[in-house]
Amino acid sequence: MEQIRHLLRGILQFFRRTVDAPQAIQFAGTADSGSFQLRMSANAPGVVPDSLFEALESNKLLTCRRIAEANGGRFSAANDERGWLCLTLYLPVAVLA
């Protein structure tokens, strides 16, 4: 569970440093019997989703992806229909218990 807390803190720190208006970060979560999905999006001009997971020493999002995958989940980045940066985290519900 501590790894999951670290993962979520890393994502929030990334958004606070990166987006124009941190108060405008949008969160949406869904869960079913086996998995949990958290989608976070914000206006982040100049951020290219493909470069977010490059192996840089200070890359918190790469660490977040590794934690998600080590716990049976996934973590991805894309631009949504508005051009906003959208990070999506999928985790098995069992990891959150």
Side-chain angles (χ1 to χ4, degrees):
M1 190 61 165
E2 186 57 35
Q3 282 189 336
I4 303 306
R5 284 189 197 107
H6 180 72
L7 183 155
L8 294 172
R9 278 192 305 267
I11 295 168
L12 291 172
Q13 288 171 355
F14 168 80
F15 266 127
R16 278 188 286 209
R17 284 191 336 265
T18 307
V19 302
D20 282 345
Q23 68 276 14
I25 299 170
Q26 297 177 352
F27 294 88
T30 58
D32 59 28
S33 61
S35 65
F36 171 76
Q37 176 186 345
L38 178 62
R39 184 173 188 232
M40 299 141 288
S41 58
N43 189 15
V47 176
V48 179
D50 294 339
S51 68
L52 290 178
F53 299 108
E54 291 177 358
L56 303 174
E57 185 177 331
S58 62
N59 191 331
K60 287 188 182 287
L61 293 186
L62 180 59
T63 301
C64 292
R65 175 181 268 178
R66 289 179 178 160
I67 292 170
E69 290 172 351
N71 286 280
R74 296 186 322 270
F75 183 54
S76 62
N79 289 111
D80 67 10
E81 61 281 350
R82 302 168 291 183
W84 283 28
L85 176 64
C86 181
L87 302 179
T88 305
L89 172 65
Y90 297 93
L91 289 172
V93 170
V95 172
L96 302 172

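Computation of the quantities below employed the complete heavy-atom set of this structure, encompassing side-chain atoms and omitting hydrogens, waters and symmetry-equivalent molecules.
Residues Ile4 and His6 have side chains not in contact (no heavy-atom distance under 4.5 Å, counting atoms from C-beta outward). Using a 4.5 Å heavy-atom cutoff, the side chains of Phe75 and Leu87 are in contact. In this structure the side chain of Cys86 reaches within 4.5 angstrom of the side chain of Arg39, judged on heavy atoms. Leu52 has its side chain within reach of Leu85: a pair of non-hydrogen atoms, C-beta onward, lies under 4.5 Å apart.
Judged as a ring-ring contact (aromatic ring centres under 6.0 Å, His included), not a single pair has a partner in residues 78-97 (not counting sequence neighbours). Note on residues 81-97: pairs passing salt bridge (charged side-chain N to carboxylate O under 4.0 Å, His left out), not counting sequence neighbours, are Asp80-Arg82. Identified under the salt bridge (charged side-chain N to carboxylate O under 4.0 Å, His left out) test for residues 4-15, with sequence neighbours left out: Glu2-Arg5, Glu2-Arg9.
Scanning both residues, Met40 and Ile11, for their nearest heavy atoms gives SD-CG2, 3.4 Å.
Under the 4.5 Å side-chain heavy-atom criterion for Ile, Leu, Val, Met, Phe, Trp and Tyr, Phe14 and Phe27 are members of the same hydrophobic cluster.
Interatomic distance, Arg74 CZ to Glu69 CD, rounded to the nearest 0.5 Å: 10.0 Å. Here the CG-OG1 distance, from Leu61 to Thr18, works out to 7.5 Å after rounding to the nearest 0.5 Å. In this structure, the separation between CG on Leu8 and CD on Gln3 is 12.0 Å, given to the nearest 0.5 Å. To the nearest 0.5 angstrom, Leu7 atom CG is 8.0 Å from Asn71 atom CG. Distance CG/Leu38 to CG/Leu91: 8.5 Å, rounded to 0.5 Å.
Scored by the side-chain hydrogen bond (donor to acceptor under 3.5 Å, both in side chains) test, Asn79 finds no partners at all (sequence neighbours excluded). Qualifying side-chain contact (heavy atoms from CB on, under 4.5 Å) partners for Ala42, counting only residues two or more places apart in sequence or in other chains: Phe15, Val19, Ile25. Not counting sequence neighbours, Gln37 has no partner by the side-chain hydrogen bond (donor to acceptor under 3.5 Å, both in side chains) test. Partners of Ser35 according to the side-chain hydrogen bond (donor to acceptor under 3.5 Å, both in side chains) rule, which considers only residues two or more places apart in sequence or in another chain, are Asp32.
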